Undergrad: 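Sharing a structure with you now.
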Amino acid sequence: METAVAPADAGALEQLTITVGGHHHSALAAGPAAGELVLLLHGWPEFADAWTEQLHALGEAGYRALAVDQRGYAAGARPDGVAHYTLDHLVGDALAFADSQGAARFHLIARDWGGMIAWALAAAHPDRLRSLTVLSTPHPSALQRAVATDDGQFHDLGYIRFFRHEAGKAEKYLLRDEAAQLRAVYNRRIPKTVVERSVARLSEPGALTATLNWYRGATNDEFDIPAGRITVPTLYLWGREDPYLGQTAAEQTVHHIDAEYRFQIVEGASQWMAMEAPDEVSALLLDHLQRHRRAITGR
């Protein structure tokens with residue numbers, strides 16, 4: 001179920017509320033209701049508005065683009081307890097977002113933690129996807145191998161171990177001194193208005209803990225996200241300046257794809273590339289989607 005405030009033109013944004021299993025998710029959408037669905041999943045620590053430029057571009061191109069504040073991020077979808085943030089819940093939410101739009105099949109675009117969900121969803125439910133695009137996040141198996149063999153990659157993911165094992169302490173660290181450490185997470189090239197809006201929302205009671213529960217709900221201490229081989233057309237974008245996810249895992253992702261695959265390095269950008277290089281990223285997305293768009297007589 002959803003409620004919406006509709007805009008006047010295809011590229012303008014709609015504000016939606018999508019209800020899934022009793023949780024109410026705030027969301028943004030653009031494009032005609034009858035357009036092919038493109039679902040965009042954000043990462044940590046951001047919200048649906050991180051995809052604003054891509055929503056405009058996709059809507060103007062005739063797609064029905066939907067970006068949702070996911071579980072823990074939306075104020076109305078913030079259950080207590082780590083058990084509510086396991087991968088099966090997060091993947092189930094993503095499928096339910098598509099179902100809310102009446103989409104039996106859809107295009108999936110995701111970044112960071114959203115990318116982990118996307119890889120898992122694509123492996124388990126390939127019949128639901130027309131195409132897959134992941135920004136920054138390598139295939140989980142490629143990342144796991146890189147962590148095991150590359151000391152630099154193991155070190156760069158130390159923040160994940162901190163988040164997972166220091167419940168309460170991690171929140172205090174990030175929010176102390178008026179959230180100075182949380183602000184430091186964001187790239188300086190991200191618009192200040194986006195950073196301040198995100199920090200304000202994450203400073204709401206219980207919000208930061210809910211978002212960090214994504215890390216704490218992972219299956220084991222090695223942060224091993226179960227995802228099998230990928231059999232849908234895939235575009236993977238990796239920013240050359242990504243400080244956390246290195247080139248080793250990015251290049252090894254190809255070994256887990258059994259479908260058409262394109263690996264594109266975005267120069268001068270980090271994991272925040274959707275906001276750092278919005279025009280370049282939107283052009284790459286539109287090219288990939290166009291090549292896998294539904295035929296007029298197709299399903």
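Throughout, numbering of the chain's residues begins at 1 and tracks the sequence. Everything quoted here is computed from the prediction, not taken from an experiment.
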Undergrad: Check whether T253 reaches the backbone of A249 with its side chain - one donor and one acceptor, N or O, closer than 3.5 Å.
TA: yes
Undergrad: Step by step, work out the side-chain contact (heavy atoms from CB on, under 4.5 Å) result for L284 and R262.
TA: CA-CA 10 Å; L284 289 165; R262 179 183 179 186; 3.6 Å; yes
Undergrad: Enter the distance from R161:CZ to H165:NE2 here, rounded to the nearest 0.5 Å.
TA: 8.5 Å
Undergrad: Is the shortest side-chain N to carboxylate O distance from R201 to D69 below 4.0 Å?
TA: yes
Undergrad: Any carboxylate oxygen within less than 4.0 angstrom of a Lys/Arg side-chain nitrogen, looking at R111 and E46?
TA: yes
Undergrad: What are the two closest heavy atoms between A123 and I230, and how far apart are they?
TA: N-CD1, 3.8 Å
Undergrad: I need the minimum non-hydrogen distance between L129 and R105, along with the two atoms involved.
TA: O-NH2, 3.2 Å
Undergrad: Measure the shortest side-chain to side-chain distance between L174 and F162 over non-hydrogen atoms and say whether it is less than 4.5 angstrom.
TA: no
Undergrad: When rounded to the nearest 0.5 angstrom, what is the spacing between CD in Q153 and CG in L245?
TA: 6.0 Å
Undergrad: Does E36 pair with R64 as a salt bridge, N-O distance under 4.0 Å?
TA: no
Undergrad: May I ask whether M116 and V82 are part of the same hydrophobic cluster, defined by side-chain heavy atoms of I, L, V, M, F, W, Y residues being less than 4.5 angstrom apart, directly or through others?
TA: no
Undergrad: Are the side chain of E276 and the backbone of S270 linked by a donor-acceptor contact shorter than 3.5 Å?
TA: yes
Undergrad: Any heavy-atom pair between the side chains of T133 and T234 that's under 4.5 Å?
TA: no
Undergrad: Looking only at side-chain N and O atoms, does Q181 offer a donor or acceptor that is under 3.5 Å from a partner on R183?
TA: no
Undergrad: Taking NZ, NE, NH1 and NH2 as the nitrogens, is one of them in E171 or R216 under 4.0 Å from a carboxylate oxygen of the other?
TA: yes
Undergrad: Can a salt bridge be assigned to the pair R189 and E241 using a cut-off of 4.0 Å between side-chain N and carboxylate O?
TA: yes
Undergrad: Using a distance-only test with no angle check, is there a side-chain donor-acceptor pair under 3.5 angstrom linking Q252 and H139?
TA: no
Undergrad: To the nearest 0.5 Å, what is the distance between CD on E196 and CD1 on I190?
TA: 12.0 Å
Undergrad: Does CG belonging to D151 count more than 12 external heavy atoms closer than 6.0 Å?
TA: no
Undergrad: Just verifying a value: how many Å separate L143 CG and T248 OG1, rounded to the nearest 0.5 Å?
TA: 10.5 Å
Undergrad: Less than 3.5 Å apart, any donor N or O on the side chain of Q15 or S26 sitting next to an acceptor on the other?
TA: no
Undergrad: Checking W119 side chain against R229 main chain: does a donor-acceptor pair fall under 3.5 Å?
TA: no
Undergrad: List the atom of S141, the atom of A227, and the distance in Å for their closest heavy-atom pair.
TA: OG-O, 3.8 Å
Undergrad: Run the numbers on L157 and V147 for side-chain contact (heavy atoms from CB on, under 4.5 Å), then give the verdict.
TA: CA-CA 8 Å; L157 294 184; V147 168; 3.7 Å; yes
Undergrad: Less than 4.5 Å apart, side chain to side chain, heavy atoms only: is that true for V254 and F263?
TA: no
Undergrad: Are V38 and L289 close enough that some pair of their side-chain heavy atoms sits under 4.5 Å apart?
TA: yes
Undergrad: Going by the ring-ring contact (aromatic ring centres under 6.0 Å, His included) test, name the single residue among Y73, F163, Y186, Y85 that passes it with W44.
TA: F163
Undergrad: Let's go through D242 and S136 carefully: what are the C-alpha distance in whole Å and the side-chain angles of both, what is the deciding distance for side-chain hydrogen bond (donor to acceptor under 3.5 Å, both in side chains) to 0.1 Å, and is it a yes or a no?
TA: CA-CA 8 Å; D242 193 315; S136 77; 4.7 Å; no
Undergrad: What residue among E204, H84, H23 forms side-chain hydrogen bond (donor to acceptor under 3.5 Å, both in side chains) with R78?
TA: E204
Undergrad: Which heavy atom in W238 sits nearest to a heavy atom in G246, and how many Å separate them?
TA: CZ2-C, 3.7 Å
Undergrad: Regarding Q70 and D93, do their side chains bring together a donor and an acceptor under 3.5 Å, going by distance alone?
TA: no
Undergrad: Which distance, rounded to the nearest 0.5 Å, do you find between the CD1 of I117 and the CD1 of I225?
TA: 9.0 Å
Undergrad: Has S282 got a side-chain atom pairing as donor or acceptor with D279's backbone, closer than 3.5 angstrom?
TA: no
Undergrad: Is it true that the side chains of S131 and H107 contain a donor and an acceptor less than 3.5 Å apart?
TA: yes
Undergrad: What are the two closest heavy atoms between A65 and L40, and how far apart are they?
TA: CB-CD1, 4.2 Å
Undergrad: Do the side chains of E14 and L28 get nearer than 4.5 Å, heavy atoms only?
TA: no
Undergrad: Walk me through whether R128 and L95 qualify under side-chain contact (heavy atoms from CB on, under 4.5 Å).
TA: CA-CA 8 Å; R128 295 297 305 270; L95 292 170; 3.8 Å; yes
Undergrad: Students often mix this up, so state it plainly: with edges at 30° and 60°, are the rings of H292 and H288 parallel, tilted or perpendicular?
TA: perpendicular
Undergrad: Closer than 3.5 angstrom, by distance alone: can the side chain of T52 be matched with the main-chain N or O of D49 as a donor-acceptor pair?
TA: yes
Undergrad: With a 4.5 Å limit on heavy-atom distance, are the side chains of F106 and L108 in contact?
TA: yes
Undergrad: Is L208 linked to V185 within one hydrophobic cluster, defined over Ile, Leu, Val, Met, Phe, Trp and Tyr using a side-chain heavy-atom separation of less than 4.5 Å?
TA: yes
Undergrad: About how many Å separate CG of L87 and CH2 of W214, when rounded to the nearest 0.5 Å?
TA: 9.5 Å
Undergrad: So, do Q264 and Y236 sit near enough that their side-chain heavy atoms are less than 4.5 Å apart?
TA: no
Undergrad: Compute the ring centroids of Y244 and Y159, then answer whether they are less than 6.0 Å apart.
TA: yes
Undergrad: Taking the side chain as every heavy atom from C-beta outward, state whether L41 and V68 have any atom pair closer than 4.5 Å.
TA: no
Undergrad: Is the terminal nitrogen or CZ of R293 (NZ for Lys, CZ for Arg) located under 6.0 angstrom from the six-membered ring centre of Y63 and within 45° of that ring's axis?
TA: yes
Undergrad: Apply side-chain contact (heavy atoms from CB on, under 4.5 Å) to L66 and I18, showing your working.
TA: CA-CA 11 Å; L66 175 68; I18 298 175; 3.8 Å; yes
Undergrad: If you take all heavy atoms of L202 and A207, which pair is closest and at what distance?
TA: O-CB, 3.7 Å
Undergrad: Any salt bridge linking R291 with E260? Criterion: basic side-chain nitrogen under 4.0 Å from a carboxylate oxygen.
TA: yes
Undergrad: Does W51 use its side chain to pair, donor to acceptor, with the backbone of A274 at less than 3.5 Å?
TA: no
Undergrad: Let me see the working for T19 and H24 under side-chain hydrogen bond (donor to acceptor under 3.5 Å, both in side chains), right down to the final yes or no.
TA: CA-CA 4 Å; T19 300; H24 306 292; 2.9 Å; yes
Undergrad: Within the distance-only criterion (no hydrogens, no angle test), does the side chain of R240 pair as donor or acceptor with the backbone N or O of G268 below 3.5 angstrom?
TA: no
